[in-house]
Amino acid sequence: MDLENQGTIKQLVDEHGAADLVVVLGAGELEAIKIAAETVTSGDPAYAGPLAGVSLGLPVFHILEAALKDEVPSALYEEKLGMYAMLYDSAELSTTLGGFRGGAG
Amino acid sequence: MRTFPVIREAALVLAHMPNLVRYGSKPFREVQQSNGELLARLRPRLRDYAAALAYLPNQVFLGNAAPEALKEADRPWYAKPVPEARRFGAFGEIMPEEEFYCLLRRADQFDLLWLREEFLRQAEPQLREHPLLAAAGAGEGAGGTKPKGRDLAAILAQIERGAAMPLEHGGEVVGCIRRAHEIDPSLWCEVLLENLATKASGALALRHLLQRLEVEPGAVSYLLSCSEEAVGDRYNRGGGNLAKAIAEEVGCVNASGSDVKAFCAGPVYALVHAAALVQAGVFENVVVVGGGSLAKLGMKCMGHLEKEMPILEDCLAAMAFWVGPDDGRSPRLRLDAVGKHNVSYGASPQGMLEALVVEPLRRHGLGLCDVDRYAVELHNPEITEPAGSGNVPRANYRMLAAIAAMRGEIERGDIDAFVARRGMVGFAPTQGHVPAAVPYVAHALPALREGRLRRAMFIAKGSLFLGRMTQLADGMSFILEAREEVA
């Protein structure tokens, strides 16, 4: 995850507390999704950004998971995300990110 | 049947400049920050000319192999040199560094670029044997008589007092690029070298274009440069008109010109503008020229160093296209099927592709499967993947296929088949505007003429947000069509 995004997330946690935050990912490659999920749960694996050694334990989801799809008006979802939904396996994303959510997901 | 302008010919060239990699924007900054340590790491990973020549993506770029060759070739491509690779290809050439240094000097009218006398004595005769440059006045260029080569002491003195940057070749200093102003950063040496590199490489591409057409420079009516460099001084940074400088360099004495800029989408805009100027009868013909981008040399070098690969971004790439009225033979640029991205569409990638691809096809009652081949950003994945940027063309093709699936034109299970059939492997160097779809024009022209393709679509996108003036992205597309009217 790029350093700027890490900084933004850290700042949001400092302002609002981790209890009221959920991270929603939109990243493309599965590998990048895993790294981002690790960064906001256990800390930056590259040990380079503001979240290096910072274990936030935030619940993390992907926008293409079924649980989130229901939160978005269907016309808007179709307009902005219908294309991506064709390219991803929503169940695979849930399994992958479920592992990072532990009991929270 | 309505007539449309045609693209008659295209030329693509490379200049292999390993010793300029250090002046790419990324390495330049990193070398300064590391007190030169990075330069020591870079040097052993730079490729020699033979390796760059025999690199399959470069041979595809020059037209000595089809893009399909990359599908079949095992990676890493850099470890499998092409046997019998050729300097001159169907579309242009890959020029060695020592010759391009001389070309840079020819393009310089302000005594900015100094080369050593010994170096010139060895390199200039090579250039005089060049089929397109022998007639250019034995090193005089358009700038009139040049002073002789300089001696090393004078060059080193310029560098030592901070007024110039060294130019190296074969492990030694062979010249320098001097600043034109002490306090105007727009005229510092690094910027002037960028601008000269664009001018000289763009001019080389134009010479190849004219040779392929067997047309005299005097026949060109108008030039549009789609190069990205910001030529100007501090009062008009980016003021531009590199087009006119390139026209002069090549001897297009009956032409004028101007620049079209739109980040990486610039070349597609320029081709559409060129076609419109021809269609309207404003000019008899328009040449679109895009010069190489020094700033992007070595852009992904950190990734390449980490993976212990050669530094693959070591070539300047340039291109030129001839747009003219319908000649009854060449593929037509369908001005009634141009795709544009309106402000109201925002920045979502899905909206972008619907605007650029679905909408212009729908206007003619066509679907995504009515286009035989799509050209998107054609970045060579071997360059981008080690730096974490993924396979850019593949991601774009998958998005196109997903839209076709969403619209029920293909099955979801046929996404990969759509990509394989209508896409291609990226073969262009990561030179910003250069990989933006249009290098495939050179491959598409013969395929469209010979009936191997009926319709090809060229899609380019621009990252406007990089300039911090808008959050918007941008894009434009056009269709090239074979002669036979297709239902």
Side-chain angles (χ1 to χ4, degrees), chain A residues 1-9 24-40 43-52 61-66 68-94 96, chain B residues 302-303 306 342 344-359 368 374 376-377 381 384-419 423 459 461 465-466 468 471 473 475:
Chain A
M1 183 184 277
D2 75 39
L3 309 188
E4 200 178 324
N5 283 341
Q6 288 189 38
T8 305
I9 290 169
V24 180
L25 300 175
E29 307 271 341
L30 194 62
E31 216 37 51
I33 291 168
K34 284 185 198 164
I35 290 170
E38 189 179 347
T39 307
V40 298
D44 180 5
Y47 226 81
L51 294 181
F61 293 85
H62 195 282
I63 189 68
L64 296 173
E65 282 185 79
L68 269 89
K69 184 175 178 182
D70 298 339
E71 302 289 324
V72 183
S74 60
L76 185 66
Y77 193 91
E78 202 49 30
E79 185 193 324
K80 303 284 185 195
L81 295 165
M83 175 181 79
Y84 288 108
M86 286 286 163
L87 296 174
Y88 289 85
D89 182 341
S90 156
E92 188 190 4
L93 286 171
S94 289
T96 304
Chain B
M302 303 310 280
E306 201 178 297
N342 293 343
S344 64
Y345 297 156
S348 95
Q350 181 174 338
M352 172 74 72
L353 285 178
E354 282 177 355
L356 299 186
V357 180
V358 177
E359 199 283 323
L368 273 80
Y374 290 93
V376 296
E377 270 106 354
T384 54
E385 283 174 345
S389 313
N391 183 331
V392 178
R394 187 171 165 275
N396 274 292
Y397 287 125
R398 285 180 59 75
M399 287 196 272
L400 273 177
I403 285 186
M406 250 177 75
R407 300 176 56 79
E409 296 182 31
I410 62 169
E411 297 293 326
R412 191 177 174 190
D414 291 335
I415 285 179
D416 289 340
F418 180 100
V419 172
I459 307 157
K461 292 182 265 181
F465 43 83
L466 296 175
R468 306 297 195 271
Q471 299 271 4

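Numbers restart at 1 for each chain; the letters A, B, ... are given by sequence-line order, proteins then strands.
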Could you please state which residues from [range] sit under 4.5 angstrom from chain A, measuring non-hydrogen atom to non-hydrogen atom, sorted by number, or 'none'?
| range | result |
| --- | --- |
| residues 398-410 of chain B | B:R398, B:M399, B:A402, B:I403, B:A405, B:M406 |
| residues 411-418 of chain B | B:R412, B:I415 |
| residues 388-396 of chain B | none |

Mind checking which of residues 30-39 of chain A sit less than 4.5 Å from chain B, heavy atom to heavy atom?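 Not one residue of residues 30-39 of chain A has a heavy atom under 4.5 Å from chain B.
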Can you check whether A:G82's main-chain N or O pairs, donor with acceptor, with B:Q350's side chain at less than 3.5 Å?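 Such a contact is found between B:Q350 side chain and A:G82 backbone.
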